[in-house]
A.B. asks: 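Structure incoming, see below.
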Amino acid sequence: MGDPFGMSLTHAIASGMGGIRTAGDLVARMQLNYRMRLPEAKKYVAEKLHVSTFDLSDSTVMRNLREELDIGCVEAIPGLAKGLAAKARIADLLDIKIAAVEKLKGKLPV
Amino acid sequence: MAHEDLIKEAQESVLSQDKAKAIDVANRALAAGMSPQEIMNEGFIVGIRQLGDKFDEGEVFLPELMLSAEAMEAAMEICNAALPEGESQSRGTVVIGTVEGDVHDIGKAIVVSYMRASGFEVHDLGRDCPTDKFVDTAKEVNANVVGASALLTATLRKQREIVEALKEAGIRDQVKFVVGGAVCTQGWADEIGADAYAKDAGDGIRKIEALLGL
Amino acid sequence: MSKIWTRMGDGSAVEMTPDELRADIIAASEDAADKGRVPPLEDNEVEKLIEIFSAPWRVIGVEPGHEVPLTKDETACTLVSSQLSSGAHLPISREAAVEIFERVFCFDTMELGWIDYSFKPAKAMVSLDQVSIERLLATTVFPVLYGAMPNMGLYYTPDGPFTNPADLLGMMKIDEARQEEMKAAELCMEDMIYMCKRFDEIGADGIDFDTTASAGDADFWATLKTVEELKKTTDLGIEVGMSGEFILGMHGEIEYNGKKLAGMFPHQQLKVVEEAGADIFGPVVNTKTNKSAAWNVARAVTFVKEVCKQATIPIHANVGMGVGGTPMFETPPVDALSRASVAMVEIAKVDGL
């Protein structure tokens, strides 16, 4: 709780994977929705992305890769997938189900 | 029966939360010629301290603490009745509450149980208690100790308010002011001029006993 | 002998000799081992902690490649709330706050929750929170959870319909107190299941139960039963974050799958949380403000290391204010916080924070 600079930001800098800046969101999905422990989650994602587990937290590697795979970038780049579109591509890439994407599919006209 | 055996039985009656046994032991101890102070201090109070250790270790829980308090109170009633007029052995009078604006009271409930079990007369003001009520009740019951609990950083400052109100009422020097709660620290207690910071119920009892010279 | 500049558990600065630092770390580990009946830290782990706390730099970090995903409790209150949540009260929406966490703080997940961050008061606002989550699911890339505290204490008088068991216990009405606790637990469970299913309906990625067991063993039981039900009937990922290192026995006799909940330490809490079906477990170890930061971190890491060793699900140790070795102070010093963060990752081997 509390103090965004002292708490959240400090943990993010000291230990955090980096979210959509890197592959942190992808690894987090494998933990939250597939109960994978960290090494397994990182291995799974790394294999799907064809990178090493070390590279998953490397913002130089992942920035380019995320743009290439069009799975959502931290910068707002016109034309690149954002929000649900990015999630749909992530679900396909990782071969997982993302609930919001499934809901969208249910809403799309046949 | 040897006094040592009675002392051990007194300890066990509290540890096993057995009110009937506590009453029985108190009566037999007095009949055997033990002084009320001896059976209380070496028997029942030691038993409560041992129970407190078990509570801290997670071996017994709040309902057991309450039942032990009941056993202890029953024993104390018998022992106090055996004392000469004016020498009753309440270990002290405590006024305690959760400060105004704060509705957390589980920690305070534990402290209250523990204090009653340890032979203190406790006036529990409840939660969200206005500052004036701490002071007015302390005056009314001639308190030795005022305790204030706060669980939120936003309500912590009420503890400082209570210290100031005790000074304004002219009774600051007559009471020991003890603070506690999850966000409370020794540094804060020192800053506001509290007499002690209690990090948990057991620590609170020990500090109150030390402050009152028990 | 040169001194090491460090912190106390309340965030105040202190200097310690290397011998004092070592002694504190060992004593803390032994304290945790004794209390929780878990193994103490090994020699190399003690040395690692000494290295962490002796480092002269203001902020330290994990080794490259060791980074972990972050989840967060208290939702975005840190940006939009007041001192109530040690918040900054920025004039922004909760949705904007969550997006800031995604693109500015680069968190790996985030949650949305009601400002009055408990299930009971949030229930009346569920449709508002549903559309907020829907908006976020459409605009963000990272996982979005809904977070709230079971906070079963709100079901007792004066806030709720059931007599406060603390009052009943004070009157020696033990059986009545226990009955009221179970009634409150049933209603709390109903409310939590109702709300969580609403978020499953709109496709939330998960639910975070924050400060579980704050009202004691019945509160814990209600959460476990809720998790059980949700795992059978929804697609939600579930994180269970605790409130303390030790389950308070307000009832004293409640069991889950034959295990008494009162008195459980983190590695024992883990087991029942796993049995209930949760996906992530967030253990808590409470900071002692009169001990050094190193003492607190060593103690926390000793407990959490055992949790990680026994876990079959990801472990996201709680490292908020006053827990997980972090100082109990509203604006915690970044030097102490980064050390707690690193110790949890590098020594306790958590799967996240």
A.B. asks: By a 4.5 Å heavy-atom criterion (distance strictly below it), what part of C:M172 contacts chain B: side chain, backbone, both, or neither?
C.D. replies: side chain

A.B. asks: Quick check: closest heavy atoms across C:A166 and B:A109, and the distance to 0.1 Å?
C.D. replies: CB-CB, 3.7 Å

A.B. asks: Where on C:S214 is there a heavy atom nearer than 4.5 Å to chain B: the side chain, the backbone, both, or neither?
C.D. replies: backbone

A.B. asks: Can you tell me how far the CD atom of B:E57 sits from the CZ atom of C:R37, to the nearest 0.5 Å?
C.D. replies: 6.5 Å

A.B. asks: Of the backbone (N, CA, C, O) and the side chain (C-beta and beyond), which part of C:L169 lies under 4.5 Å from a heavy atom of chain B, both, or neither?
C.D. replies: both

A.B. asks: Considering only heavy atoms, which portion of B:T185 lies under 4.5 Å from any heavy atom of chain C: side chain, backbone, both, or neither?
C.D. replies: both

A.B. asks: Heavy-atom distances under 4.5 Å only: say whether B:I110 touches chain C with side chain, backbone, both or neither.
C.D. replies: side chain

A.B. asks: Which atoms form the tightest heavy-atom contact between B:P63 and C:H251, and what is the distance?
C.D. replies: CG-O, 3.1 Å

A.B. asks: Quick one: pull up CD in B:Q186 and CG in C:D10 and give me the separation to the nearest 0.5 Å.
C.D. replies: 9.0 Å

A.B. asks: State the CG-OH distance between C:N290 and B:Y197, to the nearest 0.5 angstrom.
C.D. replies: 6.5 Å

A.B. asks: Provide the closest heavy-atom pair for B:V183 versus C:M328 in the form atom of the first, atom of the second, distance.
C.D. replies: CA-SD, 4.0 Å

A.B. asks: Do the side chains of B:M66 and C:I174 get nearer than 4.5 Å, heavy atoms only?
C.D. replies: yes

A.B. asks: Check each atom of C:N164 against the heavy atoms of chain B and say whether the ones under 4.5 Å are side chain, backbone, both or neither.
C.D. replies: side chain

A.B. asks: What distance do B:F61 atom CZ and C:F246 atom CZ have between them, rounded to the nearest 0.5 Å?
C.D. replies: 5.5 Å

A.B. asks: Identify which part of C:A215 has an atom lying under 4.5 Å from any heavy atom of chain B, answering side chain, backbone, both or neither.
C.D. replies: both

A.B. asks: Got a sec, which residues hit ring-ring contact (aromatic ring centres under 6.0 Å, His included) with B:F55, two or more places apart in sequence or on another chain?
C.D. replies: none

